[in-house]
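All chains are named by letter (A, B, ...) in the order of the sequence lines, taking the proteins before the strands, and each is independently numbered beginning at 1. On a predicted model such as this, the values are computed, not experimentally measured, just so you know.
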Amino acid sequence: MLAIWKREVQAYFYQPIAYILIGIFFAISSIYFTFGTIASQAAELNNLLSSIIFILTFVCPILTMRILTEDRKNGTEVLLVTSPVDVYQIVLGKFLASLTVFLVMFASTFIYLAIIYILGGKPEIPMLIGGYIGFLLVGASYIAIGVFASSLTENQIVAAIISFAILLVINIIDPIASFVGGFTAKVLDMFSLLSRYKDLNSGILDLTSVVYYLSFTAVFLFLTTRVIDKRRWSQG
Amino acid sequence: MIEIQNLTKHYGEIKAIEDVSFTVNKGEILGFLGPNGAGKTTTMNIITGYMPSTSGTVTVDGYDIMDNPGEVKKRIGYLPELPPLYLDMTVSDFLNFCAQLKDVDKKVWKSQKNDIMELVKITHVQHRLIRNLSKGYRQRVGLAQALVGAPEVLILDEPTVGLDPKQIIEIRKLIKALGKNHTIILSSHILPEVSAVCERVVIINKGRIVAVDTPENLSKNLADFTKFKMTIAGPEKKVKELIQQVYGVKYLEVQNTGKNDEFGYIIEAYKDIDVRKPIFHKLAQAGYPILELRSLGLSLEEIFLQLTTEEKEVN
Ligand SMILES: Nc1ncnc2c1ncn2[C@@H]1O[C@H](COP(=O)(O)OP(=O)(O)O)[C@@H](O)[C@H]1O
Ligand SMILES: [Mg+2]
C-alpha cells in the first residue's frame, strides 16, 4: 500500500497536474482572502473556507480522474492485482495519494493564517479547528467519490464527468431537500455533505458529523473495491 | 509444480475456455500454443490470480489460487501480453516499486536488482524514463518486472509479439537461459518459437486442449502419420490381430465403449499408405462390421494451419 501511495504521489508531481490544481486553488483563495478577509479586516478564516469550498467540486474530479483509469489503460492493473497485495490496499494507497496532494493544496491556506496573525488578528481557535477539520473531511469525501468514479471506466474524461456530476448533485441537495420536504428530505439529507460542514465551520465540533464523513468516505472506497472485484469476476 | 484441472471460463455467453487440464513439471519450459482467440491469455490470467475461473482449480506448489492467492502470487512472476509498465517512471524507480509491491527484503533487493538488470541487459538504460524506451527494451523491462522477488514460476504471454527479428532471437535466448532455474509457461501462436524454446507443448484451440506432447513428436506425427478412430463390433483380441496385420499400421490402441462386443480402436498409420480399405476388407471377410470411422489427425492439422508455422524473417 505504501509503495502505491508513494508512486502515485510522485506521479502527481512528475506531471504538471498537481501544480496546476494547487496553483488554481491558491489563486482563487487569494482573491477571496484579499478582497474578503483583508478588506473587511476580519480576524477569522471560516468565511473564507466556506466561500472557497465550492472549488473542490471542480478540483477533486480532476485530481482523481486518472488514479484508477490509467492502470486499466496501460495494463498495470494486472501487475497490481497479481502482486501479493489486496484490492483494498490498492484502493487505499491510491486514495491516500490523492488526499496527500489535497493536503498540500489545503496547507497553502496556512499562509493566510500567518498573515492574519502578523497583522495582529486573533482568530478564535475552536472555530478555526472546526473549519479546518470540516474542510478536510469534505475534501476526503469528495476524493473518495472521485476514486470511485475512476474505477468505473477506462477513460479519464468520463471519470471526471461522472464524479463532477455526483458532486454537483451533492451541492444542490440542500435546496432540493427543503423543496420536497417530508420523508424524502430526510433521505436526501443523508447525502448532504455541506449542511454538516456548516455546523463544523461554525465551531460545533460534533462527533456524529465527523463519523458521518468518515463513513461516507469508507463506503465509497468500499464500493470501489467492489467494482474492481466485480469486473474481475465478470470480465477481464 | 502447477496443476490445472478442468478449468472453465465463460464471459457471459462466450465460452473462452472449456475443461482445460494440464500440469507443468518443476523446472520445465512448457509451450502453450494456440491460434489467436484460443484462450491462452484467459488461462494465464486465471493461473496468476488476475481473474477467477467459472469452475475448475489451479494449484501452484500445492497452494490453490482461490484459497491461498497470496502464496500462489508470491511464487509467480507474470509478463502479460501488454507489459504492465508505468511510462512516467524510470526503469530503476519502476523496478524498486515492483520490489516494494512484492515485499522483497530490502537487503536482498539491492543485489537482486543488479542481477536482474544485468540478465535482461537493461543496466545502461536504468535511469531513462520507460516512455522513452523502444518496444524491445520495454519488453525487457516487463520481463525484469516478472523476475522481481525471484519467483520460481514465470508465466509469459506471447513475449515476442511485435518485436523485430533480432529482438525476438534475444528474448528467446533469454527465456531459454531463465529456464535453467525457473518453471516457465510460454504462450505463443508461432510453432517454430515453441519448438525452439520448449521441452513440452500444450496445444489449445477454441478453448480446449487438443494435444500435449514434445515438439518433435508433434511435428513428426503431423508430417508422417495419420490418426483415426474406428468402432468395431467383434471380439477385441481377434479384431486387434486383424488390424495389426494390415501393412502400414504403426500403432494401435483399444478403448472400451461400455458394451462388451464393441470396442474403439485408435489407429495410427503412415500417411502415404491408405490403410482404411484393407482394414475394411479384412474385417468384412471376418464378419466384424465397422460402426464408426473418424479421422483424428485432421483436427490437429487444421489447428496447425491456423498457427504461424513459418518464420521467414527470423531464420
Ligand atoms: N474480457 C472479455 N470479454 C469477453 N470475451 C473475451 C474477453 N477476453 C477474451 N474474450 C474471448 O475469449 C476468447 C479467448 O480469448 P483469449 O484468452 O484472449 O485468447 P488468446 O490469448 O489465445 O488469443 C476469445 O474468443 C475472446 O474473444
Ligand atoms: Mg492472448
Side-chain angles (χ1 to χ4, degrees), chain A residues 1-20 65-94 96-98 101 150-151 154 156 225-236, chain B residues 9-12 14 16 39 41-54 65-66 68-90 93-94 96-104 129-131 138 141-142 145-146 148-149 151 155 157:
Chain A
M1 190 186 84
L2 219 59
I4 294 172
W5 170 78
K6 195 173 140 210
R7 190 218 101 74
E8 291 301 333
V9 171
Q10 279 174 352
Y12 271 124
F13 288 101
Y14 280 148
Q15 288 164 354
I17 181 91
Y19 303 100
I20 293 173
M65 65 185 181
R66 46 150 286 286
I67 200 85
L68 288 168
T69 50
E70 192 204 23
D71 286 292
R72 276 176 75 191
K73 222 176 65 195
N74 61 22
T76 40
E77 187 183 71
V78 184
L79 170 65
L80 299 179
V81 174
T82 59
S83 317
V85 289
D86 289 321
V87 171
Y88 84 85
Q89 291 175 306
I90 298 172
V91 172
L92 209 55
K94 301 266 183 183
L96 291 175
S98 295
V101 178
S150 87
S151 73
E154 266 184 57
Q156 43 179 322
T225 65
R226 298 303 305 150
V227 170
I228 295 173
D229 273 336
K230 179 96 196 311
R231 200 176 45 240
R232 286 172 59 218
W233 280 90
S234 61
Q235 290 285 305
Chain B
K9 174 79 183 180
H10 297 177
Y11 297 108
I14 302 169
T41 301
T42 302
T43 308
M44 293 181 141
N45 277 340
I46 295 169
I47 299 173
T48 54
Y50 179 56
M51 53 161 103
S53 61
T54 307
I65 183 68
M66 293 308 280
N68 249 319
E71 290 296 327
V72 174
K73 288 172 182 180
K74 252 196 259 170
R75 286 167 172 74
I76 294 182
Y78 184 24
L79 175 59
E81 224 167 351
L82 174 66
L85 305 170
Y86 284 112
L87 303 182
D88 57 4
M89 296 175 103
T90 64
D93 283 347
F94 175 66
N96 289 339
F97 166 72
C98 294
Q100 286 174 341
L101 206 58
K102 295 180 183 179
D103 228 357
V104 182
L129 283 181
I130 296 176
R131 181 187 308 286
R138 286 187 191 186
V141 178
Q145 163 275 131
V148 170
I155 300 208
D157 195 358

J.: Kindly compute the distance separating CD (A:Glu77) from CG (B:Leu82), expressed to the nearest 0.5 Å.
T.: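 Those atoms lie 12.0 Å apart.
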
J.: Which pairs pass ring-ring contact (aromatic ring centres under 6.0 Å, His included) with one or both residues in residues 68-89 of chain B, sequence neighbours excluded?
T.: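 Qualifying pairs: B:Tyr86-B:Phe97.
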
J.: Calculate, to the nearest 0.5 Å, the distance between atoms OG and NZ belonging to A:Ser83 and B:Lys74 respectively.
T.: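 Answer rounded to 0.5 Å: 13.0 Å.
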
J.: Is A:Arg232 reaching over with its side chain to a backbone N or O of B:Tyr50, donor-acceptor style, under 3.5 angstrom?
T.: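 Yes, A:Arg232 side chain to B:Tyr50 backbone: donor-acceptor pair under 3.5 Å.
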
J.: Determine whether A:Thr82 and B:Lys102 satisfy the following criterion, side chain to side chain contact (heavy atoms under 4.5 Å, CB included), listing intermediate values before the conclusion.
T.: CA-CA 10 Å; A:Thr82 59; B:Lys102 295 180 183 179; over 6 Å; no

J.: Which answer fits A:Leu2, side chain, backbone, both or neither, if we ask what part of it has an atom under 4.5 Å from a heavy atom of chain B?
T.: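 Neither; nothing under 4.5 Å.
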
J.: So what's closer than 4.5 Å to chain A heavy atoms on B:Pro69: side chain, backbone, both or neither?
T.: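 When you check distances to chain A, no heavy atom of B:Pro69 falls under 4.5 Å.
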
J.: Where is the tightest heavy-atom contact between A:Pro84 and B:Gly70, given as atom of each residue plus distance?
T.: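 Minimum heavy-atom separation between A:Pro84 and B:Gly70: CB-O, 4.4 Å.
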
J.: Say whether, by atom type as modelled, one donor and one acceptor occur between the side chain of B:Lys73 and the main chain of A:Val85 under 3.5 angstrom.
T.: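 Flag not set: sc B:Lys73 to bb A:Val85 has no pair under 3.5 Å.
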
J.: At their closest point, which heavy atom of B:Gly49 faces which heavy atom of A:Val81, and how far apart are they?
T.: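 Scanning both residues, the minimum pair turns out to be O-CG1, 4.1 Å.
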
J.: Is any side-chain heavy atom of B:Met51 closer than 4.5 Å to one of A:Val78?
T.: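 Counting from C-beta outward, A:Val78 and B:Met51 never come under 4.5 Å.
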
J.: Relative to chain B, which segment of A:Asp71 carries a heavy atom at a distance below 4.5 Å: side chain, backbone, both, or neither?
T.: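 When you check distances to chain B, only side chain atoms of A:Asp71 fall under 4.5 Å.
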
J.: Is A:Leu79 close to B:Gln145 at the side-chain level, that is, under 4.5 Å between some pair of heavy atoms?
T.: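 B:Gln145 vs A:Leu79: side chains touch.
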
J.: Checking A:Ser151 now: which residues fulfil side-chain hydrogen bond (donor to acceptor under 3.5 Å, both in side chains) with it, not counting sequence neighbours?
T.: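 So A:Ser151 forms no side-chain hydrogen bond (donor to acceptor under 3.5 Å, both in side chains) with any residue.
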
J.: What distance separates B:Leu85 CG from A:Asn74 CG, expressed to the nearest 0.5 Å?
T.: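 It comes to 8.0 Å.
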
J.: Can you tell me which portion of A:Gln89 sits under 4.5 Å from chain B's heavy atoms? Options are side chain, backbone, both or neither.
T.: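 For A:Gln89, no heavy atom lies under 4.5 Å from chain B.
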
J.: Hey, are the side chains of B:Leu101 and A:Leu80 touching, using non-hydrogen atoms and a 4.5 Å cut-off?
T.: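 Yes, at least one pair of side-chain atoms sits under 4.5 Å.
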
J.: With salt bridge (Lys or Arg N to Asp or Glu O under 4.0 Å) as the criterion, how do A:Lys6 and B:Asp93 come out once you've worked through the C-alpha distance, each side chain's angles and the decisive distance to 0.1 Å?
T.: CA-CA 11 Å; A:Lys6 195 173 140 210; B:Asp93 283 347; over 6 Å; no

J.: So which part of B:Asp88 gets closer than 4.5 Å to some heavy atom of chain A, the side chain, the backbone, both or neither?
T.: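 Backbone plus side chain of B:Asp88, per the 4.5 Å heavy-atom cut-off to chain A.
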
